[in-house]
Amino acid sequence: MPELPEVEVVRRGLAEWVTGREIASAEVLHPRAIRRHLPGADEFAARLRGRLVKSAERRGKYLWLPLSGPEEALLAHLGMSGQLLVVDPDAPPEKHLRVRLRFADGGSDLRFVDQRTFGHVMLTTLVNGVPEPIAHIAPDPFEESFDEAAFTAALRAKKTEIKRALLDQSLISGVGNIYADEALWLARLHWARPAQTLTRPKVAELVAAVREVMGAALQQGGTSFDSLYVNVNGESGYFDRSLEVYGRQDQPCSRCGTPIRREPFMNRSSYSCPKCQRRPR
């Protein structure tokens, strides 16, 4: 699933290509793509028509386009395979095209393509600039509103493994399985370390590691393991070539040479170095 860097790459593309443009029409080609917009496809299209896209925003793994008029936004979550593509209006429809926005200037469409239909888009009200359905999600580590002291206190109060806490979107948003493993390796922490045992300096080190890992991924366009994650121009990212532990089972740790270990975690996998990241007793 796309994590913060991948979603930020898409947001930057949207900011460049759709900001300031007026929506001429919206077409829903698969009802599941707007399943959380309860009034339905006709109402969805009618409310978007004639409205200007003011900007492109993101919190964690969610994207939204604030609109002119009432305090509303088009909210998108990419799910496992969702893509927001800027496409020539005369280009043939993609095989898994779900929603298409056309613009009054006759320029490029904005198309929501989703093979597995786990993603969705919806029109929703804004609460203090954030879409109402995600107002409960914590700021991500790149937001100005991210309060490191509050995060540290909340993290150290959690009676759970540190990786599980990193994936808790009510504590910190945008961190998923890949970047949690990478940040924990950088901070020399095992994923099963109890969160309440971390000192304040160690939490600060971990937050710095999260920012470093995701910042590096952002510079390389995100992480692409297949053709499903792309930017708005359909291009893949290259950070998978720089991963230190994730997906590198039995390969040598670049820091100490010990073979990377894979362990089951929440129906997924965790990757770590047995020497650099000692498992807690």
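Numbers here are sequence positions counted from 1.
- Here the straight-line distance linking atom NE2 of H136 with atom CD of Q169 works out to 8.5 Å at 0.5 Å rounding.
- Formation of a donor-acceptor pair under 3.5 Å by the R35 side chain with backbone atoms of P31 is not found in this model.
- Ion pairing between E182 and R248 fails under the 4.0 Å rule for side-chain N and carboxylate O.
- Side-chain atoms of I260 and Q249, non-hydrogen and from C-beta on, never get closer than 4.5 Å to each other.
- Formation of a donor-acceptor pair under 3.5 Å by the R193 side chain with backbone atoms of T197 is found in this model.
- A salt bridge links R12 with E8: the closest approach of a Lys/Arg side-chain nitrogen to an acidic carboxylate oxygen falls below 4.0 angstrom.
- R21 places a side-chain N or O within 3.5 Å of a backbone atom of S108 that can act as its donor or acceptor partner.
- Checked by atom type and distance alone, the side chain of D181 pairs as donor or acceptor with a backbone atom of Y271 at under 3.5 Å.
- By the 4.5 Å heavy-atom criterion applied to side chains, L67 and I23 are counted as neighbours.
- Note that CE of M122 is 8.0 Å distant from CZ of R36, once rounded to the nearest 0.5 Å.
- Between R59 and D140 there is no salt bridge, since none of the side-chain N atoms of the basic residue sits less than 4.0 Å from a carboxylate O of the acidic one.
- Using a distance-only test at 3.5 Å, with no hydrogens or angles considered, no donor-acceptor pair links the side chain of E57 to the main chain of L65.
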In sequence, state the C-alpha distance, the side-chain angles, and the governing distance for E161 and H190, and then conclude on side-chain hydrogen bond (donor to acceptor under 3.5 Å, both in side chains).
CA-CA 9 Å; E161 304 102 330; H190 190 275; over 6 Å; no

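- Using cut-offs of 30° and 60° for the angle between ring planes, the F151 and F146 rings count as tilted.
- The existence of a salt bridge linking D114 and R98 is excluded, since no basic side-chain nitrogen approaches an acidic carboxylate oxygen closer than 4.0 Å.
- Note on L155 and F142: same hydrophobic cluster, where clusters join Ile, Leu, Val, Met, Phe, Trp and Tyr whose side-chain heavy atoms are under 4.5 Å apart, directly or indirectly.
- For the pair L63 and V7, the minimum side-chain heavy-atom distance is below 4.5 Å.
- Under the 30°/60° scheme for interplanar angles, the aromatic rings of Y62 and H77 are found to be tilted.
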Audit row: R51, S68, side-chain hydrogen bond (donor to acceptor under 3.5 Å, both in side chains) steps and yes/no:
CA-CA 6 Å; R51 301 182 72 174; S68 62; 4.9 Å; no

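- Contact annotation: the side chain of R188 approaches that of R255 to within less than 4.5 Å [non-hydrogen atoms, C-beta and beyond].
- Judged by distance alone, the side chain of R261 and the main-chain N or O of D250 form no donor-acceptor pair under 3.5 Å.
- Inter-residue side-chain proximity for I34 and V99 is flagged as met; some heavy-atom pair is nearer than 4.5 Å.
- Contact check for F265 versus R164: side-chain heavy atoms found under the 4.5 Å cut-off.
- Side-chain atoms of T125 do not come within 3.5 Å of backbone N or O of E72 as any donor-acceptor pair.
- Residues P252 and P259 have side chains not in contact (no heavy-atom distance under 4.5 Å, counting atoms from C-beta outward).
- Residues L48 and L14 share a single hydrophobic cluster, defined by chaining ILVMFWY side chains whose heavy atoms lie under 4.5 Å apart.
- Listed for the K202 side chain is a donor-acceptor partner under 3.5 Å among the backbone atoms of A187.
- At distances below 3.5 Å, at least one donor-acceptor pair connects side-chain atoms of Q277 with backbone N or O atoms of L189.
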